[in-house]
Amino acid sequence: MAIDINEYNSKLKPTWCPGCGNFLIHMSLKKALSELNITPSQTYIAFDIGCNGNGADKINTYAFKGLHGRAIPLSAGLHLANRKFTVIADLGDGACFHEGLDHLIHAIRSNYDITIIIHNNQNFALTTGQATLTTDEEKPMYGLPDSKPERTLEPSEIILSANPSLYARGYSGDMQQMTELIKAGIQNKGCSVIEIMQLCPTYNEECTPQWFMQRIHKIEDTNRTLEEARKVGTITDESINTGIIYRNTQLKTFYELLENRKDTQTELVDEVKQYDVQKLFDQFK
Amino acid sequence: MPANRYCIKLGGESGQGINTLGILLSKAIKSIGYNIFSYREYPSLIKGGVASYQIDLASKYIASSSKSCHILVILDPEAVHEYLHSLNANGILLYDDKQVVFTQEEQDWIKQNNVHTIYLDSQTIAINAGGSPIMSNIVMTSFLWKLLGFNPEDLTNIVKEIFASKGDDVINKNILCLNAGYNASEFKNEYLQNTLIPEQLKQENSSKILTGNDAIALGAISAGVRAYYGYPMTPATTIFKYLGNTYKETGILIKQAESEITAVQMALGSMAMGTRALTATSGGGFDLMQETISCAGITETPLVIVLAQRIGAGTGVPTWTGSSDIHTAVKSGHGEFPKTVLCVSDVQSGYILIQQAFNIAEIYQIPVIVLTEKQIAESLFTVETLPQPLQIQRGTYDGESRYTITNTGISPRWIPSFDKKPYLNTSDEHNQNSQSTENAEEIKAMSDKRMQKHATLLSNLPEPTLYGDPNVPTVLVGCGSTKNPVIDAINEGMNIAYLHYEYIFPTKTQALMNLVSSGKRIIFVENNQTGELGKILTEASGYQFKEKVLKYDGRPLFLEDILNIQI
């Protein structure tokens, strides 16, 4: 029995542009939580700044809308303090690959047991359409009438270079698949990166639902080497593969590798009390 | 020259083991019943350059360094030129390298000041005694020990203790070298220093020596800190070292983050989830943390940061001391929001203030910055016991809305739990129900609510403490490490009192203004260029300091710097 999805609704209605991919991403996240029977009070979402972050007060879970680019380290801190919570970092391609790129790489290599949802709409939309590293190289953008001089980078290359525990790609027009991918991310023990190719009818109007539908190709969830995953993950002019691209079930999480926490059953939140430091003090001579 | 203390300085090449030798000697001197205060000078590099280790010893508690020493032990020819002039008149220079060549100026200076120079071929003595060349340091130390007039058994005990993990062979060789150094024929009775050295305590000495950073780490453990997130930066790094090296005993989660931004964000996240987490940094790292301080301010999330100061803007002088980040701490973060800045001065205050910082951060749901300085962070203090720990206060209580407007400004905050109502912490301006707002009335009401916490907190903070005789005409004012040479100067008989600020923001001014209105001569003393605490006090009280003693050359305020103030 899934939890009623209305449980996850706040009193406010979303404010995104008509046709924005965020509506269905937001809905898929709620649906994934409900289908996994994770209650609003068992969920903690760290929202970044950007159009996605405007969803923070539109969902009824524990949440923290913090700073631009910092949803990932904030999530890591939330998670390590109480691993019983389902912790999700929700951020855009600007936050993830520009302001906070270091956090993405280090979170993957640290392998915190969190789920990172990247809303990849190929631009900084909330500040009205600046280029990101996923923006098409030829495309004129805000303040860049002749397009950006920098090269485009492939998120899958960045993510796979750090050997993630799970990497999946969804499309904001396919709620059913997104829900399944987010569920897989939450259920995976380790750092799960879910990249969502997001419609942005205002600042990326060329990439219409039809444009995406011609290119989207769903792939199977099978064992792949990193090399195979790179091939499958590469976006070409003709095709964008969606589905679970890579899993590495061998990786231990950050917390599991902490020698001093191995035999501890409690969480850090349970342990705040006065500690007698006399023995430690006595070790000083 | 201070009368009630004796000062030893070791000088050598950086990376030559000066620090290890200094700690060994500090422990040995402490073990025979002295109070010591040890201070390091070293360059920001791993090998090469000169470094020193200075030990001041006294029968009473001291917490400051002297500017000049009675005896200088030189282990590297370059160091002699750097440190020769820090010797007192009639002092002793002990060196062990034939390559030491004094310039004409140095030869004249040695003569004029009646300095005794003693050359000891420590390496040959070590080898002849059956040790290795590196044990020349032990030869020098034991010869020094003899000059001081101390019993060789006491030094032997400490050597055994320090080298315990290295095995019997190393210990035995070191002891052979120790004895050879102690009995070296270069010794003459006229060199004996015992008339200059204060009397040692007669009772058994159970005191410990630890650094200011050790005290902050112990206080954090005591306060229930369960996670430490750090990024290396001198002079904050040794907090990480202590908490890391004791993590098996304490169970504290240790994370070396990829940047200071990450470290402080992880701390913020863990605090929001309801545990206690700490991060520590220095100037540049603190700058990176400031956006998060602002975020903690508006989201009303408890946050504690230790800011261990070193001197200078930019990279500055990374391994030297100063207190030039007071203003940065008080003014940190964009926008307007309440925060607290506390200022550590020694082991006791480091232990207590870090506990207080967590209580204030949680009760008032604000960022708290705990300032220390390299001179406190890395120096060794002698202490008998730690003060009684503070009771943990978390200030949590349940409510309907996370940002409910109250008289005190303090809203309900409950630790996230499966059986409690979820809420949103948001850095968007918001109404009482965490909904983002651009409504004029709501913006003003929430801003007023937050700032009300500043007023509530100010009314609950203590006034600064007055040390010394309140009837004397001259009062010095300061914070942080300023306290230590000033109190030591009072104990040397200087006719001053001292007003000491531990809680520097929000700022209490009544005690200061009472002194001003009673006609005292007020002298402001700080280890920075522009009188940063003074500016904070002026802003809060309107009082303009007419007399300031400011030092900003990377060196601490030495005892002589205070004694030389004309009163």
Side-chain angles (χ1 to χ4, degrees), chain A residues 10-12 39-44 46-47 49 53-54 56-57 59-67 69-70 72-82 84-85 102-103 105-106 110 254-255 258-261 264 267-282 284-285, chain B residues 27 31 161 208-210 214 218 221-224 226-227 229 246-253 255 257-259 261-262 265-277 291-292 295 299 386 389 391-392 394 415-428 430 433-436:
Chain A
S10 80
K11 288 173 185 158
L12 300 179
T39 69
S41 290
Q42 293 172 330
T43 310
Y44 214 128
F47 284 95
I49 305 304
N54 284 354
D57 56 359
I59 189 166
N60 177 43
T61 65
Y62 285 107
F64 199 123
K65 184 175 182 182
L67 296 176
R70 314 302 171 204
I72 293 174
L74 187 72
S75 298
L78 288 163
H79 156 69
L80 293 173
N82 192 349
K84 290 176 182 160
F85 272 80
D102 52 343
H103 306 309
I105 299 295
H106 286 277
S110 301
F254 174 83
Y255 199 97
L258 297 174
E259 281 295 324
N260 69 332
R261 301 288 308 174
T264 311
E267 298 295 319
L268 301 181
V269 287
D270 306 322
E271 299 168 6
V272 178
K273 62 180 174 68
Q274 195 123 58
Y275 288 80
D276 185 356
V277 297
Q278 191 60 43
K279 267 189 193 159
L280 290 170
F281 182 65
D282 287 343
F284 288 92
K285 294 279 159 85
Chain B
K27 287 186 173 181
S31 76
E161 185 189 307
K208 321 272 185 203
I209 50 175
L210 56 159
D214 291 333
L218 285 169
I221 295 165
S222 172
R226 303 309 296 151
Y229 303 113
T246 54
Y247 87 139
K248 288 224 168 100
E249 290 102 306
T250 62
I252 287 180
L253 182 147
K255 167 72 185 179
E258 62 267 19
S259 67
I261 293 174
T262 306
Q265 280 284 322
M266 290 183 81
L268 185 76
S270 289
M271 294 285 271
M273 189 58 102
T275 191
R276 284 185 162 188
E291 193 186 13
T292 301
C295 179
T299 60
L386 292 172
Q391 202 180 356
I392 291 178
R394 308 204 63 187
I415 289 172
S417 168
F418 290 0
D419 56 4
K420 292 197 171 168
K421 187 184 171 186
Y423 56 82
L424 167 68
N425 301 296
T426 176
S427 71
D428 280 350
H430 45 264
N433 299 315
S434 303
Q435 294 165 338
S436 300

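What's counted below: heavy atoms across the whole structure, side chains too, no hydrogens, waters or symmetry copies.
If you measure heavy-atom distances from B/Ser31 to chain A, you find no contacts under 4.5 Å at all. Within the 4.5 angstrom heavy-atom criterion, atoms from both the backbone and the side chain of A/Lys84 approach chain B. Interface remark: A/Phe85 contributes backbone and side-chain atoms alike to the contact with chain B (heavy atom separation under 4.5 Å). Contacts of B/Ser222 with chain A are made by both backbone and side-chain atoms, with heavy-atom separations under 4.5 Å. Heavy atoms closer than 4.5 Å to chain A are found in both the backbone and the side chain of B/Ala272. Of the atoms belonging to B/Glu249, it is side-chain heavy atoms, and not backbone ones, that fall under 4.5 Å from chain A. Both the backbone and the side chain of B/Thr262 come within contact range of chain A, judged by heavy atoms closer than 4.5 Å. Of the two parts of A/Tyr44, only the side chain, counted from C-beta on, holds a non-hydrogen atom closer than 4.5 Å to a non-hydrogen atom of chain B.
Note on A/Phe47, A/Phe254, A/Phe281, A/Tyr255: by heavy-atom pairs under 4.5 Å with chain B, the leading option is A/Phe281. Contact count against chain B (heavy-atom pairs under 4.5 Å) is highest for A/Leu80 among A/Thr264, A/Asp276, A/Asn54, A/Leu80. When each of B/Met271, B/Lys420, B/Glu161 is checked for heavy-atom pairs under 4.5 Å with chain A, B/Lys420 comes out on top. When the candidates A/Asp270, A/Leu268, A/Val277, A/Leu12 are compared by the number of heavy-atom contacts under 4.5 Å with chain B, A/Leu268 comes out ahead. Here A/Arg70 is the residue among A/His79, A/Glu259, A/Lys11, A/Arg70 with the most heavy-atom pairs under 4.5 Å with chain B. Between chain A and the options B/Lys27, B/Lys248, B/Lys255, B/Arg276, the largest number of non-hydrogen pairs under 4.5 Å is found for B/Lys255. Chosen from A/Leu280, A/Asn82, A/Asp282, the residue pairing most often with chain B at heavy-atom distances under 4.5 Å is A/Leu280. Of the listed residues (B/Ser434, B/Ala267, B/Pro389, B/Ser259), the one with the most heavy-atom contacts under 4.5 Å to chain A is B/Pro389. Ranked by heavy-atom pairs shorter than 4.5 Å toward chain B, the options A/Leu258, A/Asn60, A/Thr39 are led by A/Asn60.
In plain terms, the two heavy atoms of A/Gly66 and B/Cys295 that are nearest each other are CA-SG, 4.0 Å. Smallest separation of non-hydrogen atoms from A/Asn260 and B/Gly251: ND2-C, 3.4 Å.
Between B/Asp428 atom CG and A/Asp57 atom CG the span is 7.5 Å, to the nearest 0.5 Å. If you take OG1 on A/Thr61 and OH on B/Tyr423, they are separated by 12.0 Å, rounding to the nearest 0.5 Å. Note that CD of A/Gln42 and CG of B/Asp419 are 10.0 Å apart. Values are rounded to the nearest 0.5 Å. Atom-to-atom distance recorded for A/Asp102:CG and B/Glu258:CD is 5.5 Å, nearest 0.5 angstrom. Remark: B/Thr246 OG1 to A/Lys279 NZ distance equals 14.0 Å, nearest 0.5 Å. Atom OG1 in B/Thr275 sits 10.0 Å away from atom CD in A/Glu267 (nearest 0.5 Å).
Put simply, the side chain of A/Tyr62 gets close to the backbone of B/Ser417: a donor and an acceptor are under 3.5 Å apart.
For the 3.5 Å distance criterion, the side chains of A/Lys65 and B/Ser436 fail to qualify, holding no donor opposite an acceptor.
The shortest distance between side-chain heavy atoms of B/Met273 and A/Phe64 does not fall below 4.5 Å. Side-chain contact between A/Tyr275 and B/Ile252 is absent, with no heavy atoms from C-beta onward closer than 4.5 Å.
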